[in-house]
Amino acid sequence: MAAKASDSGGSGEILPITPSLSETTSGVTAASQSTQPPSSTSDVDAVCVPSYSRWFSWTGIDDCEVRSLPEFFNSKSSSKNPKFYMYLRNSIIKQYRDDHPRKISFTDVRRTLVSDVVSIRRVFDFLEYWGLINHSSSSSAKPLKWDEKSAGDASSEPPTTVKETAKRICNGCKSICSVACFVCDKYELTLCARCYVRGNYRVGINSTEFKRVELSEESKKVWSEKETLQLMEAVMHYGDDWKKVATHVTGRTEKDCVSQFVKLPFGEQFVKESDSEDSLEAFDQIKGSADLESGGSDKEGSSPNKRMRLTPLADASNPIMAQAAFLSALAGTKVAEAAARAAVTALSDVDYEAEKNASGDPNRQEANGGEITNSKRAWADAKSLIQKEEQEVEGAIKEIVEVEMKKIRDRIVHFEKLDLEMERSRKQLEDMKNLLFTDQLNIFFHTRKARKSEDRVDVQT
Amino acid sequence: MKALGSSGWKGPVKFRMPTAENLVPIRLDIQSEGQRYKDAFTWNPSDPDNEVVVFAKRTVKDLKLPSAFITQIAQSIQSQLSDFRAYEGQDMYTGEKIIPIKLDLRVNHTLIKDQFLWDLNNFESDPEEFARTLCKDLGVEDPEVGPAVAFAIREQLYEIAIQSVASARESRLSKKGRRGSDHGSASKASGLSMDLVKLFSFKSSVVRKRKDLDVYEPVVDLLTSEEVDALEAREERHAR
């Protein structure tokens, strides 16, 4: 086996067959780089290699291999080098293809390769993952999923590649460090707690040369815009069900979602305002702005207060979510979008007012403060009144327009009727004309006859 | 010559396999529910412990063994690994040891007999590389021979490493301060090692004596099935 493997691996040449939709045959790769002509093989059917593994070549090492199996390429140990990796990889694939289409098992392979078994297992798993071993066209959804995902990707990779950049991998045991790790800058080593305790490092290093590094989840603290948007969508959809919200927002736990939601600008608003009157007023204004934006699709702006108390749907235990639920129910999707946009601006105004109001209470004892708050209040009231007026005016205009439309429609109907009448009378006229004509003709014939008979009488006498 | 003798002395080294890769030879021989599973392979002790169970499950699945084997295999591997790790913290003296390694193994239909010298001090040595080259050079067709050879070499190296730990402990207990000569005597006492001094002195030559030639020559035999069966029967009788 060792002798065979050390030949350049072209001796396992495969005859190309017509490929199925999403797969190419390894004949393509063989032809592209191997100079050996396809020797006669015992394979009757060809070996299929999925298209996302097109990078494979017997004599070369691709980037994805370096990324997935870094232990062979980081030159930390003299025997785990790329040449050794190629020996393992080529032997495994050759062994599989010799007995194709029988699936090769890990134990078959590890018994024939001179190496420690865990390295063999890693290479074996990697090759099986990429469909270079044990791949069958009618196999499970796993390769198809990759094919779809990697459709546009030139250097296609399976979705779960080792994320070396994000996480820290221990040099000793190649596992991902979770809680804390120990870093030695002198020799550029990173060890997990276990390896450090066990003394699993090179001979020359002292244990004091290691620094303890806590792995805080820094990357997770900042919420991106996309995640915030997902969070808001999820809250609108699922409301109180934080489990569902957490699943909708990719990559965040329930706690994170709740805390982030509360931290959002209008979330603060919800948390601060304990006075329900004010919050109702706030919603009034949101609704008002929403109506303005959407052109007043609903004219129920008059009594949201009443509505709120009447609605049995809202969960009274959580006033914030009750109001959110109420809004989403009333408004509908388009309006809700517009409302959200307007709400941020409106609420910042209201927030300002609310702060003033809240801060106004302790200040009321001061005369100056009292005046200011009163005028502010009046201003707020006036503003709401104006908005109400605007709404009513809009409604009135709409009604007028409707009425006009109706008038025109009636007129058209009337006109059509008249038109019909005219047609009828014209027809009658025509008929009468025809009758007259026939009468005239009759008379004419009669007179002719009469004259003829007259002449005859005249002649006789 | 004295200088030669003492200059080679190294300080005590932390126990490890005296090879480039610190791999542990693991031997399994488990009998359960009427089935016997024998196996031998090398393991990297710096791999995370969950690999043991993964390996056990994989093996049982591939060989279609009853699932009771999983825990037994895992336990066996774990105990051998922990034995190895128990030695790890301790010192060992390797000295000037060049030891002969003997191979006498039968893998399926191939029989290999060989003997060669191995430098215990060479911490860059690679039994795997040696095994691969051996099989290639001797034209061994059966791919399972390579791992068996590497395993045999490792096992012997492991044994010797353990012995050197024991001897280091003894010498530490008994020594009074003189290091070089004491240590030298300790290594000589193990009996197996060759004295480099004698070997490379200008009185003797490096060329091997004729009587030793046969011993050091590798022999590969291909057996027929009947011979294999006969040998297996004899081995089982010996085992009992």
Side-chain angles (χ1 to χ4, degrees), chain A residues 1-7 71 76-81 83-84 87-88 91-92 94-95 98 103-122 124-125 128 134 169-177 191-192 194-195 197-205 207, chain B residues 13-14 16 19-26 39-52 54-55 58-65 77 85 88-89 107 123-151 154:
Chain A
M1 180 277 310
K4 281 187 198 161
S6 55
D7 283 342
E71 59 193 305
K76 290 267 167 77
S77 81
S78 56
S79 54
K80 273 197 174 170
N81 50 25
K83 198 170 142 214
F84 179 65
Y87 155 70
L88 287 179
S91 326
I92 295 177
K94 232 192 138 283
Q95 208 173 331
D98 281 342
K103 290 208 176 198
I104 196 173
S105 78
F106 164 65
T107 306
D108 294 336
V109 164
R110 74 103 169 135
R111 281 197 165 152
T112 59
L113 289 180
V114 187
S115 164
D116 67 293
V117 292
V118 183
S119 306
I120 300 177
R121 185 195 68 80
R122 286 205 201 100
F124 183 84
D125 282 345
E128 201 170 24
N134 293 345
I169 296 196
C170 168
N171 287 112
C173 62
K174 315 281 180 297
S175 58
I176 299 173
C177 298
L191 294 184
C192 69
R194 206 184 235 176
C195 291
V197 166
R198 226 195 283 148
N200 195 1
Y201 34 82
R202 277 221 313 259
V203 187
I205 311 174
S207 61
Chain B
V13 184
K14 286 289 170 202
R16 53 161 289 168
T19 55
E21 288 284 319
N22 193 18
L23 304 177
V24 184
I26 306 257
D39 210 344
F41 48 86
T42 43
W43 189 274
N44 189 341
S46 57
D47 281 324
D49 285 336
N50 57 1
E51 291 280 350
V52 177
V54 169
F55 176 81
R58 256 342 236 287
T59 308
V60 164
K61 191 178 106 182
D62 290 340
L63 296 174
K64 301 190 176 46
L65 298 168
I77 299 177
R85 291 202 183 112
E88 258 186 334
V107 178
F123 278 46
E124 301 297 313
S125 59
D126 194 352
E128 276 75 35
E129 174 93 45
F130 180 88
R132 267 179 263 140
T133 319
L134 184 76
C135 294
K136 183 172 154 207
D137 289 342
L138 296 177
V140 174
E141 303 233 336
D142 189 350
E144 293 192 20
V145 176
V149 167
F151 179 83
R154 268 200 189 272

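Below, chain A is the first sequence line, B the second, and so on; all start at residue 1.
- Between chain A and the options B:D62, B:T133, B:V149, B:L23, the largest number of non-hydrogen pairs under 4.5 Å is found for B:D62.
- Taking each heavy atom of A:T107 and B:R58 in turn, the nearest pair found is OG1-O, 4.2 Å.
- B:V24 does not touch chain A: none of its heavy atoms, backbone or side chain, sits under 4.5 Å away.
- B:E51 touches chain A through its side chain: at least one heavy atom from C-beta onward sits under 4.5 Å away, while N, CA, C and O do not.
- Taking the side chain as every heavy atom from C-beta outward, B:E129 and A:F84 never approach each other to under 4.5 Å.
- By the 4.0 Å N-to-carboxylate-O rule, A:D116 lies too far from B:R154 to be salt-bridged with it.
- Checking side-chain atoms of B:T42 against main-chain N and O of A:S115 turns up a donor-acceptor pair under 3.5 Å.
- Residue contact with chain A, scored on non-hydrogen atoms closer than 4.5 Å, involves the side chain of B:D39 exclusively.
- Considering all non-hydrogen atoms of both residues, B:P147 and A:L113 come closest at CG-O, 3.4 Å.
- For A:R111, the parts lying near chain B are the backbone and the side chain together; criterion is any non-hydrogen pair under 4.5 Å.
- Counting only heavy atoms from C-beta outward, the side chains of A:R121 and B:F55 never approach each other to under 4.5 Å.
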Tell me, with the steps shown, if A:Y87 and B:R132 meet side chain to side chain contact (heavy atoms under 4.5 Å, CB included).
-> CA-CA 11 Å; A:Y87 155 70; B:R132 267 179 263 140; 3.3 Å; yes
